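All residue numbers in this chain count up from 1 along the given sequence. From a predicted model like this one, the values you see are computed outputs, not experimental measurements.
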Amino acid sequence: MRKILIVDDEKIALKNLEHVMKKEGYEVVGTQSGPNALKLLEEQQFDLVLTDLRMEKVDGMQILKKCNELYPDTEVIMITGYATLESAVNAMKQGAFYYIAKPFKLDEVRRVVKEALEKVRLKVENRQLREQIENYQGKVRIITQDNNMQRLLDTARQIAPTDCNILISGESGTGKELFARYIHFNSNRSNGPFFAINCGAFNEELLSNELFGHEKGAFTGAMAMKMGLIETAASGTLFLDEITEMSSSMQVKFLRVIQERELLRVGGTEPVKVDVRLIAATNRDISDAIKHGSFRQDLYYRLNVVSIYIPPLSERKDDIPLLSYYFLKKYAAIMKKEVTELSQEVISLLMNYDFPGNVRELENIIERGVALTNGSAIEVAHLPEDLRELSIRTFRKKEGKMPSLEDQEMAYIRWVLNETGGNKTIAAKVLGIDRVSLWRKLKRFGLE
């Protein structure tokens, strides 16, 4: 039940408002005293405050100010017999929801109160969602119901307090940085900083400056000493994404940091001691990079004390609905839209898609859906065109090899048969071949 505080020094007006609001089903507290209203606000929270603007000792603006200080979610409606434009503008500027002039119409009061309480409801829900999202992302709760992922999380929790270096591998978009954050927040360094840097986003000179910092006068424009991320992450964790993109000379410098626990700033001569945990990640086959000489084997051994491989989303299909609804809540809150559902057709399409971009691609799809829908649900029409059609399939690598044309043909025929409920006549029409040709292909592929 919504709780309303009514403040009016006119007894009759107060009683009328109390009667109307109680009849609407609200819990009502009324007072003729401004100072008493302030006391009530300090003792309890209200969803809505209706207050007279002009009162002795404590006026409506002071009550509005107190509400803003104590309860940001509470809305305030100003009621006054002195309906000047200047007063209305000032009240709205200070955060009042609406301004009603006496003599007021009860229907108007009912409508404005209903709208104000709806705004309160949305603010509270959005704040709770933001807090939930912050809880997921700030404290890093990885959303999964996949058994393999649960085992990975068990491993992550076990190794988090050990302070050893970790190498995370997996395709782009699988959540390698999120995993690194999860390890950090479950470690003894959780009160320290977490910094992430993509080694492939900088050339060697810029990456060196970002990681190691520089001394004053080290180069033109170096007007002051600057600490690099390795120093800044002291007592915390440094996450190095796309570590295989680091140049050979940078790898040598970084190896020294790991071995000696010290660094030289650019232009510096005195070594600086560092205390940081390192978590590296790559979406490449690092053993192949070592084999071709683009990545140092000794650095690999130093980083790869513990190895974690995050599987692609296509290998953990059960997580798709769970993640979809998480992203739905997240972007509905961000965009302030009442989107709460995914249609069954959308879920079906998502479950049959291979997601070459993994979780990041799923997030983009749901964000797009929330942006496009004008209703309470994301429908097929709000999905990208390739997902809507699904006649163009995404075939990902299996066991390190690209699928052959025959593999693709077999997979496509199997999918068409599944979509047509096993009706070979309809399937043949969709495939553009006659029924006899389809029968021969089914026999050749062992799909009879």
Side-chain angles (χ1 to χ4, degrees), residues 143-152 169-175 283 285 309-328 341-369 377-448:
I143 303 165
T144 182
Q145 56 188 8
D146 179 77
N147 290 333
N148 289 332
M149 287 291 288
Q150 293 290 352
R151 284 191 285 271
L152 283 180
S169 59
E171 296 180 7
S172 292
T174 50
N283 62 1
D285 184 348
Y309 169 72
I310 303 178
L313 188 56
S314 63
E315 294 179 12
R316 43 187 175 111
K317 292 277 190 179
D318 287 345
D319 282 346
I320 292 173
L322 190 66
L323 288 164
S324 296
Y325 271 99
Y326 166 68
F327 292 133
L328 177 70
E341 294 294 332
L342 297 162
S343 73
Q344 191 55 50
E345 292 82 0
V346 167
I347 292 290
S348 178
L349 284 173
L350 293 176
M351 291 296 287
N352 282 293
Y353 185 54
D354 287 327
F355 287 102
N358 293 293
V359 179
R360 187 181 297 128
E361 183 181 12
L362 174 60
E363 181 174 4
N364 291 341
I365 289 170
I366 300 301
E367 182 183 5
R368 167 198 167 100
I378 295 178
E379 304 289 349
V380 173
H382 306 129
L383 299 179
E385 187 176 351
D386 55 345
L387 255 177
R388 293 201 302 269
E389 293 180 358
L390 262 186
S391 56
I392 303 172
R393 299 286 290 165
T394 302
F395 295 95
R396 60 169 58 252
K397 296 180 180 180
K398 295 180 180 179
E399 299 177 359
K401 297 178 181 179
M402 289 294 292
S404 66
L405 185 60
E406 187 175 273
D407 290 335
Q408 295 190 22
E409 184 181 19
M410 181 172 66
Y412 183 60
I413 290 174
R414 184 186 286 114
W415 177 74
V416 170
L417 281 169
N418 182 62
E419 292 296 304
T420 59
N423 189 312
K424 296 181 178 63
T425 302
I426 297 175
K429 288 181 180 178
V430 172
L431 293 165
I433 58 178
D434 57 48
R435 203 170 186 279
V436 175
S437 297
L438 175 59
W439 177 80
R440 288 184 183 134
K441 289 180 183 290
L442 294 177
K443 187 174 182 181
R444 177 158 60 92
F445 295 138
L447 299 175
E448 304 102 307

Start with the C-alpha distance between S169 and I310, add both sets of side-chain angles, then the distance that settles side chain to side chain contact (heavy atoms under 4.5 Å, CB included), and finish with yes or no.
CA-CA 6 Å; S169 59; I310 303 178; over 6 Å; no

Please step through side chain to side chain contact (heavy atoms under 4.5 Å, CB included) for the pair F327 and V359, ending with a clear verdict.
CA-CA 10 Å; F327 292 133; V359 179; 3.8 Å; yes

Between L438 and I433, does a side chain to side chain contact (heavy atoms under 4.5 Å, CB included) hold up when you go through it step by step?
CA-CA 7 Å; L438 175 59; I433 58 178; 3.9 Å; yes

Walk me through whether N148 and R316 qualify under side chain to side chain contact (heavy atoms under 4.5 Å, CB included).
CA-CA 8 Å; N148 289 332; R316 43 187 175 111; over 6 Å; no

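Annotation for R368 and P384: closest pair NE-N, 3.5 Å, computed over non-hydrogen atoms. What you find for I378 and V346 is that their closest heavy atoms are O-CG2, 3.4 Å. Minimum interatomic distance between N283 and S172 (heavy atoms only, all atoms of both residues): ND2-OG, 2.7 Å.
Interatomic distance, CD of Q150 versus CD of Q145, reported as 9.0 Å (0.5 Å rounding). With values rounded to the nearest 0.5 angstrom, S314 atom OG is found 8.0 Å from I320 atom CD1. Atom-to-atom distance recorded for I365:CD1 and L342:CG is 11.0 Å, nearest 0.5 angstrom. Taken from CG in N423 to CG in L417, the straight-line distance is 9.0 Å, to the nearest 0.5 Å. Here N352 contributes atom CG and K317 contributes atom NZ; the two are 6.5 Å apart, rounded to the nearest 0.5 Å. Annotation: the span from S437 atom OG to L442 atom CG amounts to 10.5 Å, rounded to 0.5 Å.
At a cut-off of 3.5 Å, with distance as the only test, no side-chain donor of N358 or T174 sits close to an acceptor on the other residue.
Between E171 and P356, the closest side-chain pair of non-hydrogen atoms is not below 4.5 Å.
Considering L323, L152, L322, D319 as possible partners of T144, the one that fulfils the side chain to side chain contact (heavy atoms under 4.5 Å, CB included) test is D319.
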